[in-house]
Amino acid sequence: MSATENNSDNSDNSASASGTSKVTSTLMLKNDGRPPWYTADGKNLPVYMVGIAGGSASGKTSVAKRIVESLDVPWVVIISMDSFYRRLAPEESKQAFANNHDLDHPSSFDYVSVLRVLDDLKHGKSTSVPQYDFATHAPRDKSQNIYGASVVIFEGIFALYDPEILKMMDVKIFVDTDSDICLARRIKRDVADRGRDPLGVLQQYDRFVKPAYDSFVRPTMNNADVIIPRGLDNQVAINLMIQHIKRQLDGSNATIMRPILVDQYSATDQLKDTLLTLPQSNQVRAMQTILCDRTTLRDDFIFYSDRLSRLIIEYGLGQLRLESKTVVTPMGLPYSGFKIASDITGVTVLRAGGVMEKALRSVARLAHYGKILIVGDPVTHEPRLHYAKLPPSIKDHQVLLMDPTIVSGANALMAIRICLDHGVPEENIVFVSLLATPQGVHAIQTAFPTVKIVVALIDSHIGTDDLLIESGYGIFGDRYFGTEC
Ligand SMILES: Nc1ncnc2c1ncn2[C@@H]1O[C@H](COP(=O)(O)OP(=O)(O)O)[C@@H](O)[C@H]1O
Ligand SMILES: Nc1ccn([C@@H]2O[C@H](COP(=O)(O)O)[C@@H](O)[C@H]2O)c(=O)n1
Ligand SMILES: [Mg+2]
């Protein structure tokens with residue numbers, strides 16, 4: 001599994017391998033490094049949502065995990081309703097420790113937060129899921145960031161209760177397990193994982209869990225599309241469900257459009273004025289010639305890449321929005337000037353973008369930094385996201401996205417999409433590059449018409465061996481880092 005910001009610790013109590021964890025993360029992610037698909041207009045494809053309700057210890061979490069394991073889909077998350085228990089008042093908490101507080105009434109959950117998280121995920125946005133600790137009956141201070149789910153499984157006793165949540169679910173499942181079996185499993189689980197004693201579990205069950213099941217949970221069976229009797233034991237029903245979800249996903253895949261690739265570009269396509277090319281001074285021309293020259297030695301390649309990077313970064317910073325600022329000069333006179341209108345985040349598209357990050361660090365004193373690692377599939381060239389870590393405040397910043405080359409534009413499209421999913425307005429993004437092909441620029445301009453593209457050189461020499469990889473500089477990262485074969 002690849003590293004991403006959304007790696008979960010998978011410490012859901014019921015999933016805990018050791019069975020000793022007292023903290024539930026209620027989140028599980030399956031990710032082989034592929035981001036949600038995105039369309040040629042730069043939007044994410046619809047996210048498929050599965051709701052799983054049922055009584056406590058009926059097997060909801062276990063069924064959700066089985067579905068995740070069996071679905072051959074890249075990015076799947078399980079969001080558990082347990083994450084959204086409301087914070088208890090001190091007296092309520094005291095009662096909860098004495099097994100005397102009702103935690104099975106629908107009002108125990110924060111539906112506003114549930115809807116926020118599901119809505120973010122439905123729209124392919126990054127989101128933050130609270131964490132809950134059953135042992136202390138309290139939310140943890142930490143939350144979990146998730147980004148990029150193509151399937152979301154939402155499970156919990158009231159997963160099929162709230163009308164707004166119901167509307168979001170593409171398929172609704174109710175797990176119907178015999179109540180004696182549920183009780184036996186709950187005692188075992190709560191003692192092992194949730195810091196309870198058997199008598200306390202029984203007391204809470206008699207007083208709250210069973211009555212609430214009869215009054216509130218069981219009736220939501222009527223909202224289900226599918227009822228799975230016996231939960232995990234019903235492999236036939238689970239398989240049918242998995243086949244159904246796969247078919248639905250295949251259906252939506254049929255509408256997928258790939259990023260606009262090289263062969264969809266025509267030389268008559270006009271590049272728009274969001275493309276800004278570094279003024280071609282003689283110095284710049286000479287440096288570019290050195291970088292394009294296949295005989296240039298690595299030391300020189302590094303030296304001139306660094307030098308050109310500083311120039312292009314300065315030029316990119318020059319495209320950021322300003323606001324007026326008046327200062328007082330040492331002579332005591334007002335001076336009407338400017339300042340950058342917001343904080344700046346530099347987002348490095350690894351690994352080659354690291355070269356430009358070095359340049360940004362040398363000229364911008366107060367920038368924030370983020371990193372994205374996109375790796376092209378060796379066979380299909382499809383870009384795959386392996387890692388994304390962006391500062392949470394990025395949505396309020398102007399963003400310099402840095403990658404030395406834009407060839408097909410596929411990686412750039414994905415990097416921009418990731419910034420948008422983290423709340424950055426499109427017009428706040430400046431994509432900075434040393435070399436871009438007209439095809440790559442055209443792809444970005446078509447998908448994201450307000451992103452500024454700042455480049456040192458527009459060059460249409462694309463390696464013929466592999467249209468999607470090589471540009472006029474060759475493979476920039478390999479030449480810079482000395483990893484050429
Ligand atoms: N079919 C099954 N056979 C045996 N144990 C099971 C089965 N399904 C679930 N369990 C166990 O029962 C407990 C409750 O299951 P869980 O999936 O956590 O239920 P829920 O999420 O509905 O509360 C867990 O400890 C789980 O490992
Ligand atoms: N502090 C808490 C919060 C909830 N519970 C019980 O958890 C049950 C829901 O989780 P399942 O995985 O079993 O669906 C619910 O029945 C609550 O009684 C708790 O014991 N303590
Ligand atoms: Mg559960």
Side-chain angles (χ1 to χ4, degrees), residues 11-28 52-68 78-88 92-110 130-140 153-161 173-197 200-218 220 228-235 237-238:
S11 61
D12 185 289
N13 290 347
S14 55
S16 159
S18 66
T20 53
S21 164
K22 294 211 168 60
V23 174
T24 178
S25 86
T26 64
L27 229 171
M28 192 171 111
I52 305 184
S56 174
S58 59
K60 302 177 294 296
T61 307
S62 308
V63 168
K65 284 179 179 158
R66 177 68 57 80
I67 293 175
V68 168
I78 298 177
I79 304 288
S80 172
M81 210 154 174
D82 306 337
S83 298
F84 301 92
Y85 266 106
R86 289 186 198 283
R87 189 177 286 283
L88 300 180
E92 292 173 322
S93 178
K94 211 170 122 194
Q95 292 300 326
F97 276 105
N99 307 299
N100 261 338
H101 183 71
D102 186 355
L103 292 151
D104 289 77
H105 191 270
S107 62
S108 307
F109 295 90
D110 172 3
Q131 301 279 285
Y132 191 74
D133 186 347
F134 283 101
T136 60
H137 304 283
R140 295 167 72 192
I153 301 183
F154 176 60
E155 63 91 11
I157 51 176
F158 290 118
L160 301 184
Y161 179 82
I173 301 172
F174 192 95
V175 179
D176 187 20
T177 303
D178 178 84
S179 57
D180 291 348
I181 294 177
C182 288
L183 175 58
R185 286 182 187 157
R186 177 157 167 148
I187 295 171
K188 211 167 145 196
R189 180 196 63 189
D190 285 8
V191 170
D193 298 337
R194 295 186 178 180
R196 308 297 156 81
D197 62 88
V201 177
L202 281 173
Q203 178 184 322
Q204 188 186 351
Y205 187 84
D206 269 352
R207 224 174 137 188
F208 305 113
V209 183
K210 180 78 170 71
Y213 177 77
D214 293 338
S215 307
F216 304 113
V217 180
R218 196 168 201 287
T220 68
I228 301 189
R230 305 184 308 285
L232 210 51
D233 290 340
N234 194 336
Q235 194 55 51
I238 294 174

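Each ligand, and each atom within it, is numbered from 1 in the order the structure gives. None of these values were measured; they are calculated from a predicted model.
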* To do: Tell me whether the guanidinium CZ or amine NZ of R194 lies under 6.0 angstrom from the six-membered ring centre of F134 and within 45° of its axis.
  =>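 Satisfied, under 6.0 Å and within 45°.
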Look at [atom] and say which protein heavy atom is nearest, naming residue and atom and giving the distance to 0.1 Å.
atom                    : result
atom 13 (O) of ligand 2 : S56 OG, 2.6 Å
atom 5 (N) of ligand 2  : F134 CE2, 3.8 Å
atom 14 (O) of ligand 2 : K60 NZ, 2.8 Å
atom 2 (C) of ligand 2  : L103 CD1, 3.4 Å
atom 20 (O) of ligand 2 : R196 NH1, 2.9 Å

Is [X] in polar range of ligand 1, meaning some N or O pair under 3.5 Å apart?
X    : value
L232 : no
D233 : yes
R189 : yes

Once rounded to the nearest 0.5 Å, what's the spacing between atom [atom1] of [X] and atom [atom2] of [Y]?
X    : Y    : atom1 : atom2 : result
R230 : Q235 : CZ    : CD    : 11.0 Å
D176 : C182 : CG    : SG    : 8.5 Å
Q204 : D104 : CD    : CG    : 6.5 Å

[X]: numbered ligand 2 atoms lying under 4.0 Å from its heavy atoms:
X    : value
H137 : 1 (N), 2 (C), 21 (N)
R186 : 6 (C), 8 (C), 15 (C), 16 (O), 17 (C), 18 (O), 20 (O)
A57  : 13 (O)
D104 : 15 (C), 16 (O), 17 (C), 18 (O)
Q204 : 18 (O), 19 (C), 20 (O)

Considering [options], which one's heavy-atom position lies nearest to [atom]?
atom                    : options              : answer
atom 14 (C) of ligand 1 : C182, S62, G156, A57 : A57
atom 21 (O) of ligand 1 : I181, T61, I187      : T61
atom 13 (C) of ligand 1 : K60, K65, K188, R185 : R185

* Non-hydrogen atoms of Y132 versus ligand 2: any pair closer than 4.0 Å? ->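 Yes, Y132 has a heavy atom closer than 4.0 Å to ligand 2.
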* Asked: Under 4.0 angstrom from ligand 2, any heavy atom of R194?
  ->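 So R194 counts as touching ligand 2.
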Under 4.0 Å, counting heavy atoms only: does [X] come that close to any atom of ligand 1?
X    : result
G55  : yes
G231 : no
G54  : no

* To do: Assess S80: does it contribute an N, O or S atom lying under 2.8 Å from the Mg ion (ligand 3)?
  =>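 False for S80.
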* **R189 bridged to D193 by N-O distance under 4.0 Å** =>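 No salt bridge links R189 with D193.
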* Asked: Does the pair K210/D214 count as a salt bridge with the N-to-O cut at 4.0 Å?
  ->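 The answer is yes: the pair qualifies as a salt bridge.
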* Asked: Do you see a donor-acceptor pair shorter than 3.5 Å between the side chains of S83 and Q131?
  ->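 The criterion, which ignores hydrogens and geometry beyond distance, is not satisfied for Q131 and S83.
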* Side-chain donor-acceptor pair present, Q203, N100, cut-off under 3.5 Å ->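 Short answer, yes.
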* Asked: Is there a nitrogen or oxygen of T61 sitting under 3.5 Å from a nitrogen or oxygen of ligand 2?
  ->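 No - when backbone and side-chain N and O of T61 are compared with those of ligand 2, no distance drops under 3.5 Å.
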* Asked: Under 3.5 Å, N or O to N or O, is D190 touching ligand 2 that way?
  ->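 Checking ligand 2 against D190, no N or O pair falls under 3.5 Å apart.
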Heavy atom under 4.0 Å from ligand 2: found in [X]'s side chain, backbone, both, or neither?
X    : result
Y85  : side chain
M81  : neither
R189 : side chain

For [X] and [Y], which heavy atoms make the closest approach, and how far apart are they?
X    : Y    : result
E155 : A64  : CG-CB, 4.3 Å
S107 : R86  : O-NE, 2.9 Å
F174 : R218 : CZ-CA, 4.2 Å
P139 : Y85  : CG-O, 4.2 Å

* To do: Would you please indicate yes or no on a ring centroid separation below 6.0 angstrom for F109 and F84?
  =>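 Between F84 and F109, the centre distance exceeds or equals 6.0 Å.
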* Kindly determine whether I52 and I153 satisfy side chain to side chain contact (heavy atoms under 4.5 Å, CB included), including the steps that lead there. => CA-CA 7 Å; I52 305 184; I153 301 183; 3.7 Å; yes
* Report yes if some heavy atom in the side chain of Y205 is under 4.5 Å from a heavy atom in the side chain of P211; otherwise report no. =>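 Not touching, per the 4.5 Å side-chain cut-off.
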* Asked: What's the verdict on side chain to side chain contact (heavy atoms under 4.5 Å, CB included) for V68 and I78, showing C-alpha distance, side-chain angles and the deciding distance?
  -> CA-CA 8 Å; V68 168; I78 298 177; 3.7 Å; yes
